[in-house]
2 protein chains.
Amino acid sequence: MDVRTLCLGILTLGDASGYEIRKMFADDAIGEVFDANFGSIYPALNRLTEEGLVVCTAQAQEGRPDKKVYSITAEGRTLFTHELMKVPARDRFRSEFFVTLLFADLLPGDRVGDLIDGRIAHHQQEVARLEALARQESAGALNTPFMVGFGLAHHRLAVSYLTENRHLLENAGSPVAQIAE
Amino acid sequence: MDVRTLCLGILTLGDASGYEIRKMFADDAIGEVFDANFGSIYPALNRLTEEGLVVCTAQAQEGRPDKKVYSITAEGRTLFTHELMKVPARDRFRSEFFVTLLFADLLPGDRVGDLIDGRIAHHQQEVARLEALARQESAGALNTPFMVGFGLAHHRLAVSYLTENRHLLENAGSPVAQIAE
DNA sequence: CTTGTCATATGTCGGAAGGATATAGTGTGC
DNA sequence: GCACACTATATCCTTCCGACATATGACAAG
């Protein structure tokens, strides 16, 4: 499942421009489970257009630059449905934050605490953002209670895990603490 | 932080071959927070060797093919420490499974349940695997209680979240359920 | 009035890497 | 002897990530 397929999926829910699609990944709950940015979205949309899976209509706007709105074709819908029936590939995850924590004993003593504090704050911001999203009446078709709830559970776990387990790391590089052990 | 940096980090903990490094990503807790496979590990090691950040020693083995063991240089250590002090980039996550669930209403009625069942089973296997890892006396330097605990928390959350919230999806495509609503 | 910032828009480039594939050696089971 | 699994190294091609570029329009600050 590539970004092209994701764009098809999003367009099954309604027409959108490249910029709007990218905003969905950035702001909506779909961004909790899939990441895509301009560098892949625009080439994907261009390719889909060439392949007749979407059609593109240029629109002028007032107070804003012109935009290109993409609509899915019947062929595009068929392909997306077919892709959806495939066995999902395994998840992919990379976190530089956690890799850094893995080598916490190489960091200066207060660096680990700072990193963890900053990270907890980030997750709390995300919780607040998703809670606000959940409260919206017209949150958008991508922000189902299931998806928003998953994002919330995910960020809340991170906060609680870091809070409860930071003690395992925070004295790791401290010679005084190691002498005490 | 790229795979090259990750290889350097792993080699600070001891010499290893490309295959062993890849096995760490596949089997150890580091694989819960960073994904790398042959396609990126070997080019990374070759590049690190060219740049003098690691040195490579070919070793013959009994009962197995020969292997190339990589050792980090002092220059490599310095670079890794320097990289570790950088602000970690944001996490990257993609899950075809959850994307598929996002379009659950396009799936046949029992497909969603099958996907969720299979997914829960997968997470439970991972929990069992990590629990066994946590019980090992010599689990390896990469399998710290913090990292293993994070992986366990993560998979356990997935199981409980899917179990408790699958009802939001499983009647999604059912006309009978929608009439009842 | 000018400059800077932000949001809305589209787009591209170069390097990294993901998945699949290839090859080789060794051992085990049928 | 063949198939399979594990240990090993390696590569290829497609995708995409992060940074960057450009344009339009609105707004704020000096």
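Naming: A, B, ... by sequence-line order, numbering from 1 per chain.
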Show each protein N/O and nucleotides 22-28 of chain C N/O combination with a separation under 3.5 Å, one pair to a line.
{"unit_1": "C/dT26", "atom_1": "O3'", "unit_2": "B/G63", "atom_2": "O", "d": "3.4"}

**OP:** Determine the minimum heavy-atom distance between B/S17 and B/K67, stating which atoms define it.
**Re:** CB-CD, 4.3 Å

Subject >> Ion pair check, A/R94 and B/E32, cut-off under 4.0 Å >> reply: no

Subject >> Any A/R22 side-chain N or O less than 4.0 Å from OP1/OP2 of C/dA9 >> reply: no

Subject >> Spacing between B/F25 atom CZ and C/dA17 atom P, to the nearest angstrom >> reply: 10 Å

Original post:
Taking atom types as modelled and ignoring hydrogens, do the side chains of A/H155 and A/Q125 form a donor-acceptor contact shorter than 3.5 angstrom?
Top reply: no

Subject >> Helix axis bend for the helix from C/dC1-D/dG30 to C/dC30-D/dG1 - C1'-based end axes, five pairs, 10° rounding >> reply: 20°

Subject >> B/K68 side-chain N/O to D/dA10 phosphate OP1/OP2 under 4.0 Å >> reply: yes

Original post:
Looking at A/R90 and B/D35, does any basic side-chain N land under 4.0 Å from a carboxylate oxygen?
Top reply: yes

Original post:
Aromatic ring centroids of B/F25 and B/F38 under 6.0 Å?
Top reply: no

Subject >> From C/dA17, D/dT15, D/dC6, nucleotide with atom closest to B/Y19 side chain >> reply: D/dC6

**OP:** State whether B/S40 places a side-chain N or O below 4.0 Å from either non-bridging phosphate oxygen (OP1 or OP2) of C/dG18.
**Re:** yes

Original post:
Taking only side-chain nitrogens and oxygens of B/R90, does any of them come within less than 4.0 Å of OP1 or OP2 of D/dG18?
Top reply: yes

**OP:** Answer yes if the ring centres of B/Y42 and B/Y19 are under 6.0 angstrom apart, and no otherwise.
**Re:** no

Subject >> Close aromatic pair by centroid cut-off 6.0 Å: B/H154 and B/H123 >> reply: no

Original post:
How long is the line joining CZ of A/R92 and P of D/dT15, in whole Å?
Top reply: 12 Å

Original post:
Nearest to the side chain of B/Y70 - C/dG11, C/dA16, D/dA10?
Top reply: D/dA10

Subject >> A/D2 CG - D/dC13 C1' separation (whole Å) >> reply: 14 Å

Original post:
When you match A/G39 and A/K67 each to their closest nucleotide on DNA chain C, which lands nearer the 5' end?
Top reply: A/K67

Original post:
Has B/R4 got a side-chain N or O lying under 4.0 Å from the OP1 or OP2 atom of C/dA17?
Top reply: no

**OP:** Give a yes-or-no answer on whether the side chains of A/T5 and A/D2 include a donor-acceptor pair shorter than 3.5 Å.
**Re:** yes

Subject >> Length of the CG-P vector between A/N37 and D/dA21, whole Å >> reply: 16 Å

Subject >> Given C/dA7, D/dC16, C/dT12, the nucleotide with the shortest approach to the side chain of A/P43 >> reply: C/dT12

**OP:** Check the pair A/L13 / A/L142 against side chain to side chain contact (heavy atoms under 4.5 Å, CB included), numbers first and verdict last.
**Re:** CA-CA 8 Å; A/L13 304 174; A/L142 291 172; 3.5 Å; yes

**OP:** Could you work out which one of D/dT11, C/dT10, D/dT7 sits closest to the side chain of B/Y42?
**Re:** D/dT11

